[in-house]
Each structure stands twice: as structure tokens, then as C-alpha cells.
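Naming: A, B, ... by sequence-line order, numbering from 1 per chain. Since we're looking at a predicted model, the values are computed, not measured.
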Number of protein chains: 2
Amino acid sequence: MDAGVEARLRAGDVTFGVDDAALLRAIAESGSVSAAASELGRSRSRALTRLETLESAFGSLVERRRGGSDGGGSRLTDTAHDLLARFDRLCAAVSGTAQASETVVEGTVTERTGELALVETAAGTVRALVDENAAVDSAVQVSIRADAVTLHAPDDAPAGGATSARNRFRGTVTGLDVGTAVASVTLDVGTASPLVALVTVESVERLALAVGDEVVASFKATATRATTV
Amino acid sequence: MDAGVEARLRAGDVTFGVDDAALLRAIAESGSVSAAASELGRSRSRALTRLETLESAFGSLVERRRGGSDGGGSRLTDTAHDLLARFDRLCAAVSGTAQASETVVEGTVTERTGELALVETAAGTVRALVDENAAVDSAVQVSIRADAVTLHAPDDAPAGGATSARNRFRGTVTGLDVGTAVASVTLDVGTASPLVALVTVESVERLALAVGDEVVASFKATATRATTV
DNA sequence: GTTCGTTGTTCCGACATAGATACAACGACT
DNA sequence: AGTCGTTGTATCTATGTCGGAACAACGAAC
């Protein structure tokens, strides 16, 4: 999980976070609540109380048994495994959200149809999903995830315009950060902040991208979010 | 913010969450820490202590003044406004993450290049971003956001294959949930869980989608995440 | 029967969080 | 000078969180 962001699953007043996940994982690994607590440098007392709280909200998580060849023990339920998988996916998503450069563009809502709105920005008109607060003339911030942006050569760009399901900005490559398999491309599209696209190295090579080139960036309306400021 | 998910910004040991955002907003609106605390049904004492903690981690957030025509008052700094905007965007992203149906497909890593890997799934081979834990033969869960999926008529589908920057699954429409401007399309692509795509109503109409139709779903490699299980 | 190592349960103390209270200080206004 | 309504500061109490300690209970192994 990214150091600057923290996510938790919530059920009623109870939340499930990193420490809880660590506890469940330590139990799965050691087969004992006592050993898990000890490994995590926490009290068994607290671990038991915490499990009680979590189980009241999320269902049975740990099956505990006393006596037997190993003195007793504990193991995770399927519910616990599901919960951990859910938490992992949330973390990956939030981590992706935090890490994926996100371009924020100021704009004004000019039209609204259900959950979609047209937003006028310095780079042109954008279609985006909006929350219930956004009405015509609302000032909004449009967030465009770098991993949602597809790059095209100007000649190959998909048809655009206000009626298209796909937004498109024409821009100039101002930066290229090429890694092993993934590259970050920075574009000047006329907005205060540059638009960043996270694409594969193959896309960069296929398009023969270099600083100074003209490209068209496209991104889905339903992957574009506008929040009121 | 979605009821099942909670997100916070973190700096060191200090986190900034919903309650903190509410406090800053109430201060901005009333122009006073006392009034804000009162409105939120909290103690002024606590509000002040909390502000102190937040400011130690995030920088100066509130400018306070005593005396004057209104007896004194407080206003937010630019830093506070930036922090709130950042928090709002995180919430919108997390909310989008939680709300956007996300299809999870089991798979096995067959090849890895830097941050990208090939994953064999029941629907075919997928390219996805992976975390550092994922090695060849690792079992992974591939998450595909509904808002990252583009639908195409079979004839118009982009070129596919293991070398393409774009993943593609061929499937059959099994469900259509059409709203005012946004639609959710469910596809049987051969995996245990159906693939869900969040698209505009216009896309549905342009493709003349109906249950039983064959379509091709495509989604970017860099927008596809695989987490180890 | 005894030992072992876990769980089940209860109780206690330390520290953190949160609210309540009170007085001093400030600057505009009367 | 007095009033107003905020802030600055300090102190106190109640509740929640967390860790620690202790004993009983369990079932396999010896």
C-alpha cells in the first residue's frame, strides 16, 4: 500500500485495515492467535478482542480449537480468505490510483444527462461521470487517470467530438519516461497541468514517440470523473 | 464516500479522513473553529487539538485571528484547500473503484517483463501490471475495472494477440442494464465470473447491443492489475 | 496421572482520545 | 471604559484502546 494513502473496508462502525489484514495473515501462517500476536509485537488479549469486533461486523473469520497434539490452534475461515482478497484488491486499486499519475483539469459543467456531463476545459470539451452535486455552471475538477489514456498518431485517431463516447485531446509530447515495460508520456494539451499517459513501451515504439511529436490522447467518458470543488 | 470503503491520506503517523475534511469545511463555511466544532457536535477543545496534530503533519491549514469586528475568526490556508481537493479526488477514485464493477479473473503468470506480465486465464492470455511478488507460475487475481473496458463489434475489434498493448476477450452479452446516460453490460467470456463493462448508452446504441450478441471487449494492459493470492 | 501448548475468560493499569470548563487576551464597536 | 465574540491556554474528567497477568479448560502424547 502506498505510503501516502490508506484504505479500509467498512461494515457498520467497524473498519478492516492493514493491521487487521496483518493479523489474519499471521494467524494463517502460524496457525495460532497467540503466536500471531507475539510475532506482530502485540498482545494476545488485544488480538482476541479485535477478532471479536471484526467477526461481529464481517462474520466468522477464525476457527479456534483447544487441546490436541499442538496444544490447540486457529485457522482462517473461507470468509476470512475472501475478506483478505477483497482488501488486497482494494489496496491494489487504491495503490494504482495513488501511483498512476492523475491529471486534474479545471472545468465548468455545460450540460448534464443523467450521470454524464459535458465539461468545458482549457483542452476542449470532455464527457465525464459526475456526482450528484454537479449542475450546469458548476466548477469541477476533471480527473483523468494516466492508465486510462490511449495514445494515437494524429492520422489514426478515433473520431471525436461532443457526441463521441470517447474523449480526445490533441497535444504535444513534452516528456517521455521509459521503463522496462511501461512508459509515462507527458503531453501539453493546453491545460495548466500536463496530461500524463501510462502506456506500454511497445505503444511508444509503435508510435515512434519523441519529444515534440503531435499525438491524440483518447480516454473513455465512463473512465473520466468530475468532482465539484 | 462509499459506505463499504474508507480512504485516508497519510503523512507519517497522521491520517486525514472524513471527519477531518468535515472540520475544515465547517471552518471554511462558518469562519470560526468554535462555531465549526459546535455545528459538528464536537468539542472546541478537541477541534483545536486535532488541528494541531494535522498541521504538524500536513502544514499550516488554518489561519486564526482574535479580536476585530466579529470578535475573531479563522480561515483556511491554500494548503488546506489543496489538501481537501486531494482528499476529494481520492474519495472519488475510491468511490469509483468500489462502485465500478470490477471483474476478478483467476490466472497464472506465464511470463514477466519489468512491471508487466502475461497471465493465462480462462478467457485467454492477458497482459497486466503486477506487483513485485508476482513471478512466473504465481497464481494471481486479475482485476479488470468495468470503466476500463471498451466494446467493439467483432468486425471492428482492434488487432489482438500476446504482442498487443491492448487485451481483448471475445464474449457474449448476457445482461444489459441501461440507465439514463450510462449502461452496464455483462459478458460471458468463459471465466467463472462474467466480465462487466461500464459504457455510455450511446455505445450500446451504436453497437445495437442485445442479449445474445457476440462482442469483443478490449482493455489496456496498463489499466489491468494482477495481485498475488 | 502428568506435561505440553494452545484456547477461553476475567481482571487490572497505562495511555490516548474526547469533551467540558474556565480564565486571559485580542481588537472593533459603542 | 465596557461589551462582544472570537482565539490562546491550561486543567480536569470520562471513555476507549491496548497491553499485561493469571487461572481454568482442553486433548494429544508420554
Does anything in residues 57-68 of chain A reach DNA chain C, meaning a heavy atom under 4.0 Å, and if so which residues?
-> A/R64, A/R65, A/R66, A/G67
Spacing of B/L51 atom CG relative to C/dG19 atom P, expressed in whole Å = 13 Å
Would A/S56 and A/T53 satisfy side-chain hydrogen bond (donor to acceptor under 3.5 Å, both in side chains), going step by step from the backbone distance to the final call?
-> CA-CA 5 Å; A/S56 76; A/T53 301; 5.7 Å; no
Reckon B/S43 has a side-chain N or O less than 4.0 Å from the OP1 or OP2 of C/dG19?
-> yes
For the pair B/E6 and A/R10, find out whether any cationic side-chain nitrogen is under 4.0 Å from an anionic carboxylate oxygen.
-> yes
Is a salt bridge present between B/K220 and A/D147, judged by a nitrogen-to-oxygen distance below 4.0 Å?
-> no
Rounded distance in Å - CG (A/L48) to P (C/dT6) = 13 Å
Reckon B/S74 has a side-chain N or O less than 4.0 Å from the OP1 or OP2 of D/dT7?
-> yes
Rounded to whole Å, CD of A/E52 lies from C1' of C/dT7 at a distance of 13 Å
hbond_proxy B/R44 side chain to D/dG8 base (donor-acceptor, 3.5 Å cutoff) = yes
Closest to the side chain of B/S32, out of C/dA28, D/dT6, D/dA28, is D/dT6
Here the distance between atom C1' of C/dC4 and atom CG of A/D70, to the nearest Å, is 11 Å
How far apart are the closest heavy atoms of B/A47 and B/V33, and which atoms are they?
-> CB-CG1, 4.1 Å
CG of A/D13 versus C1' of D/dG16: gap in Å, rounded?
-> 14 Å
Residue list, side-chain hydrogen bond (donor to acceptor under 3.5 Å, both in side chains) with A/R64, at least two apart or on another chain | none
Using a cut-off of 4.0 Å on non-hydrogen atoms, how would the nucleic acid contact of B/S34 be classed: base, sugar-phosphate, or nothing?
-> base
By salt bridge (Lys or Arg N to Asp or Glu O under 4.0 Å), A/R44 pairs with (sequence neighbours left out) none
Count the heavy atoms of every other residue, nucleotide or ligand shown that sit under 6.0 Å from CD of A/E63, and state whether that count exceeds 12.
-> yes
Specify the residue among A/G31 and B/A47 whose closest nucleotide of DNA chain C lies further upstream toward the 5′ end.
-> A/G31
Within this structure, what is the CZ-to-C1' distance between A/R75 and C/dT6, rounded to whole angstrom?
-> 16 Å
Would you indicate, yes or no, if C/dT21 has its OP1 or OP2 atom less than 4.0 angstrom from a side-chain nitrogen or oxygen of B/S45?
-> no
